[in-house]
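The structure appears right after this line, and notes come after that.
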Amino acid sequence: MSLRTDKLAALDLGPFWVRRAVLASMAVAAEPEITAPETTAAATPAETPVPAGQHAPSPVARTAQKLLEQVTRSAHPGAQQARDAGRSATIEPEQDERSQRIAKLDWDALQDDVRQCTACGLCSQRQQTVFGTGVRQPDVLVVGEAPGAEEDRQGEPFVGAAGQLLDSMLRAVSLSRKDQVFIANVLKCHPPANRNPAVDEVLRCSPYLDRQLALLQPKVIFAVGRFAIQHLLKSDAPVSALRGKVHEWQGIPVIVSYHPAYLLRNLPDKSKSWSDLLLLRDTLQNILREKS
Ligand code: URA
C-alpha cells in the first residue's frame, strides 16, 4: 500500500473511489471504500456464456458485480471484516427490482419497509432499525454512516457521544434537530463492534437513503464521514479534498465534513469542521434569502 493510502487509512478518511459515470449508470449504488478503476457498463461485455435456462445478468448487475470484485480484491486496513462480508456480495436482478420498488414507496411505507428489512446479515443482530429522525421538510439533512450500539438500543440516530458533538456543531450555527434538521444514516442497522459498513450492506441499504432524500427534499445536505460522502458524491477523493466547496446531489447542495466520531479522536480537525459548518450556514442562508 502507498504512503498516501496508509496516511488516509490511519485518519479513517478513505481512500474510496467510484467513477461518477459508472454509478450514474447503475440503478443501485455500490459504495466501495477503495479504488474501483474506471469501468463502464458498455465496456463490460458478458465474458461468461450463460448456461441454458439461466438469465443473463443485466449490464447494471454486471457493472456492479465487477466493482464489488475490484473492491473486495483491494486492501484497506481496519476493514477486513467488512471486506469479508462484501466478498460474498452478489448483485442479483432482484436487487434492481427491489431498488425500483423502494423508489416508489411513500414515507409511511418506507418506514415499514425499513423496519421489516432482512436484505443483509445485519438484521439478525440488530435490536431495531434506525430510520432517522427530524422534521419532514428539513432545511438540512445530515447524513451519517451507520447506527452505533446506543442508536441500536434507542432506535434514533446520533444519540451517543458522536451525536452529542453533532448537536453542538449544529447548535453552533443555530440549527436544531428538533425544528430544522433531519438526521439519517447510510445504513439503517448497527454493524457489530462498530465495524465499517460492508459493500453489500451499503448496496442493499442505500435505496432507503435515496428514497428518504427524494421525499425529504432538504434545502441542503450535510454529509459527514466518508461513507455518506462517497455514497452521495460518488467521488474518489478523500474528505480533505472535498471539503470547502459546495457539491450537489440531484440539484440539492451538499456540504461535506468529517464524521463527529472522527472529530472526537482528532481534535485539531475540529477547526476545519467549523469552517464546514460556516459554509453550511452560508449556503442555507443564501437559499432561504433567494426563496423569500
Ligand atoms: N454514527 C453515525 O454515523 N450515525 C449514528 O447514528 C451514530 C453514530
Side-chain angles (χ1 to χ4, degrees), residues 11-14 16 29 31 33 78-79 81-82 85 110-111 114-115 117 120 122-123 125-135 138 140-171 175-178 180-199 201-206 208-210 212-213 216 218 221-233 238-239 242-243 249 254-267 269-270 273 276-277 280:
L11 288 171
D12 200 21
L13 294 179
F16 43 99
E31 192 177 19
E33 52 189 344
Q81 219 179 339
L110 185 65
Q111 276 186 297
V114 168
R115 208 174 290 122
C117 181
C120 80
L122 294 181
C123 65
Q125 296 180 51
R126 72 179 177 223
Q127 293 195 31
Q128 56 193 311
T129 55
V130 180
F131 181 76
T133 47
V135 297
V140 176
L141 172 63
V142 178
V143 182
E145 178 179 316
E150 195 50 39
E151 287 78 15
D152 184 48
R153 256 190 299 278
Q154 296 193 31
E156 278 209 26
F158 281 101
V159 289
Q164 283 165 22
L165 177 57
L166 177 64
D167 282 344
S168 319
M169 289 162 66
L170 293 173
R171 241 191 338 266
L175 288 167
S176 142
R177 71 161 89 189
K178 289 205 180 67
Q180 286 156 292
V181 176
F182 195 95
I183 303 178
N185 285 307
V186 175
L187 292 192
K188 308 304 184 208
C189 293
H190 169 50
N194 280 338
R195 66 159 167 76
N196 285 338
V199 174
E201 292 158 2
V202 173
L203 191 65
R204 282 162 170 61
C205 210
S206 53
Y208 288 135
L209 176 63
D210 291 343
Q212 285 179 308
L213 281 155
L216 288 167
I221 298 168
F222 188 48
V224 293
R226 64 193 176 97
F227 286 92
I229 295 168
Q230 187 179 346
H231 177 68
L232 292 167
L233 302 186
V239 179
L242 292 167
R243 298 181 42 253
W249 182 89
V254 178
I255 314 294
V256 309
S257 193
Y258 298 110
H259 193 284
Y262 164 81
L263 292 173
L264 287 172
R265 304 190 303 269
N266 298 273
L267 295 182
D269 278 338
K270 273 194 179 172
S273 93
D276 302 333
L277 285 164
L280 171 68

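In each ligand, atom 1 is the first atom listed, and ligand 1 is the first ligand listed.
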Can you tell me if [X] uses its side chain to pair, donor with acceptor, with the backbone of [Y] under 3.5 Å?
X: Glu151; Y: Gly160; answer: yes
X: Thr129; Y: Phe131; answer: no
X: Glu156; Y: Val130; answer: no

> Taking atom CG of Leu203 and atom NE2 of His231, what is their separation to the nearest 0.5 Å?
Replying inline: 10.0 Å
Distances for all N or O pairs of ligand 1 and the protein under 3.5 Å?
unit_1	atom_1	unit_2	atom_2	d
ligand 1	1 (N)	Ala146	O	3.4
ligand 1	1 (N)	His259	NE2	3.3
ligand 1	3 (O)	Glu145	N	2.7
ligand 1	3 (O)	Ala146	N	3.3
ligand 1	3 (O)	Asn185	OD1	3.3
ligand 1	3 (O)	His259	NE2	2.7
ligand 1	4 (N)	Ala146	O	3.1
ligand 1	4 (N)	Asn185	OD1	2.8
ligand 1	4 (N)	Asn185	ND2	3.3
ligand 1	6 (O)	Phe158	N	2.9
ligand 1	6 (O)	Asn185	ND2	2.9

>> Under a 3.5 Å threshold, yes or no: a donor from one side chain and an acceptor from the other, between Asn266 and Tyr258?
In response: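 No pair is found: no donor N or O on one side chain lies under 3.5 Å from an acceptor on the other.
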>> Suppose we screen for side chain to side chain donor-acceptor pair (under 3.5 Å). Which residues come up paired with Gln212, at least two apart in sequence or across chains?
In response: Lys188
